[in-house]
Amino acid sequence: MAITLPESEIQLGSWTVTEESARQYLTAVGDSQQAYFEHRLIPPLALTAYALGALLDRLALAPGAIHSLQEIAAVRPVGFGDQITGVARLERPRQRGGQEFTTASYVLTDSGGAPVQTGKTTVLAPVVGPARTRDA
């Protein structure tokens with residue numbers, strides 16, 4: 001009998017976008033683009049990095065897990081001072097070749113609840129313990 005795991009929602013938290021958070025992200029990725037500061041905007045991939053980091057902090061992944069896939073859709077620019085909230089929805093994990101594929105879709109919203117970015121991420125982790133079966 002296959003185990004059916006329902007989709008589950010994960011709160012990613014809220015954070016305020018700052019010039020310093022933009023600077024930290026750009027330094028980490030080796031980007032010296034000044035346009036973000038001239039227009040007072042956070043790079044869209046910085047939001048993705050915050051969302052992914054928050055998601056990975058909340059998942060109990062086995063050692064050896066790797067981030068394998070990322071899709072994003074930037075709905076609108078996000079400025080310094082904007083309050084962002086994230087929610088992710090986990091899909092049922094899939095297994096192949098000793099790896100468990102965990103996929104989550106997420107939405108980031110502004111303080112008014114309007115989406116600013118959506119995305120989907122997949123993480124691969126070695127199967128540990130009793131294997132779950134997939135639905136036929």
Side-chain angles (χ1 to χ4, degrees):
M1 179 167 128
I3 298 172
T4 301
L5 299 174
E7 290 186 352
S8 58
E9 190 170 277
I10 298 175
Q11 299 298 320
L12 301 179
S14 295
W15 62 94
T16 300
V17 173
T18 65
E19 182 173 336
E20 181 58 25
S21 60
R23 191 171 315 286
Q24 288 174 353
Y25 172 78
L26 291 170
T27 298
V29 299
D31 189 340
S32 59
Q33 178 59 255
Q34 292 301 305
Y36 295 111
F37 301 105
E38 292 166 10
H39 297 285
R40 301 191 48 76
L41 298 172
I42 189 87
L45 287 177
L47 295 175
T48 306
Y50 287 122
L52 179 60
L55 177 63
L56 293 177
D57 283 347
R58 287 161 177 78
L59 295 178
L61 297 173
I66 58 170
H67 179 224
S68 67
L69 178 69
Q70 184 70 52
E71 300 173 17
I72 72 162
V75 178
R76 73 160 179 83
V78 175
F80 300 155
D82 286 355
Q83 180 79 20
I84 304 299
T85 301
V87 176
R89 180 167 295 282
L90 290 178
E91 297 177 6
R92 182 179 306 133
R94 303 165 316 279
Q95 289 185 6
R96 277 192 207 114
Q99 297 289 314
E100 182 170 85
F101 293 66
T102 301
T103 299
S105 298
Y106 69 88
V107 61
L108 304 179
T109 57
D110 62 18
S111 60
V116 297
Q117 185 180 103
T118 61
K120 187 174 186 178
T121 191
T122 300
V123 177
L124 303 178
V127 174
V128 178
R132 290 184 222 143
T133 60
R134 295 184 309 177
D135 289 333

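- Side-chain contact between D110 and R76: present, with at least one pair of heavy atoms (C-beta onward) separated by less than 4.5 Å.
- The minimum heavy-atom distance between Q117 and Y106, with the atom names listed, is OE1-OH, 2.8 Å.
- Here the CG atom belonging to L55 is positioned 6.5 Å from the CG atom belonging to L90, to the nearest 0.5 angstrom.
- In this structure, H67 NE2 and L52 CG are separated by 4.5 Å, a value rounded to the nearest 0.5 Å.
- Side chains of P126 and Q99 form a contact here, defined as non-hydrogen atoms less than 4.5 Å apart.
- In terms of heavy-atom proximity, V17 sits nearest to L47 at CG2-CD2, 4.1 Å.
- Counting heavy atoms from C-beta outward, L59 and I10 have side chains that approach closer than 4.5 Å.
- Residues F80 and T18 fail the side-chain proximity criterion, which asks for heavy atoms closer than 4.5 Å.
- Between the OG atom of S21 and the CG atom of L26 there is a distance of 9.5 Å, given to the nearest 0.5 Å.
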What donor-acceptor contacts under 3.5 angstrom involve side-chain atoms of residues 30-38, with partners at least two apart or in another chain?
from	atom 1	to	atom 2	distance (Å)
D31	OD1	Q33	N	2.8
Q33	OE1	A35	N	3.0
Q34	NE2	S32	O	3.3

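- How far CG of L69 is from OG1 of T121: 7.0 Å, rounded to the nearest 0.5 Å.
- Going from atom CZ of R94 over to atom OG1 of T102 covers 8.0 Å, rounded to the nearest 0.5 Å.
- Counting heavy atoms from C-beta outward, L12 and Y50 have side chains that stay 4.5 Å or more apart.
- Looking at heavy atoms from C-beta onward, T109 lies out of side-chain contact with V87 at the 4.5 angstrom threshold.
- Using a 4.5 Å heavy-atom cutoff, the side chains of I42 and Y25 are not in contact.
- Note on V75: it does not cluster hydrophobically with L108, by side-chain heavy-atom contacts below 4.5 Å among ILVMFWY residues.
- Between the S68 side chain and the T122 main chain, a donor and an acceptor come within less than 3.5 Å of each other.
- Hydrophobic clustering keeps V107 apart from L56 (ILVMFWY residues linked when any side-chain heavy atoms are closer than 4.5 Å, directly or through intermediates).
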Please evaluate residues E91 and F101 with respect to the criterion side-chain contact (heavy atoms from CB on, under 4.5 Å), reporting the C-alpha separation (whole Å), side-chain torsions for both, the decisive distance (0.1 Å), and the verdict.
CA-CA 10 Å; E91 297 177 6; F101 293 66; over 6 Å; no
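- Between K120 and S105, the shortest heavy-atom distance links the atoms CG-OG, 3.9 Å.
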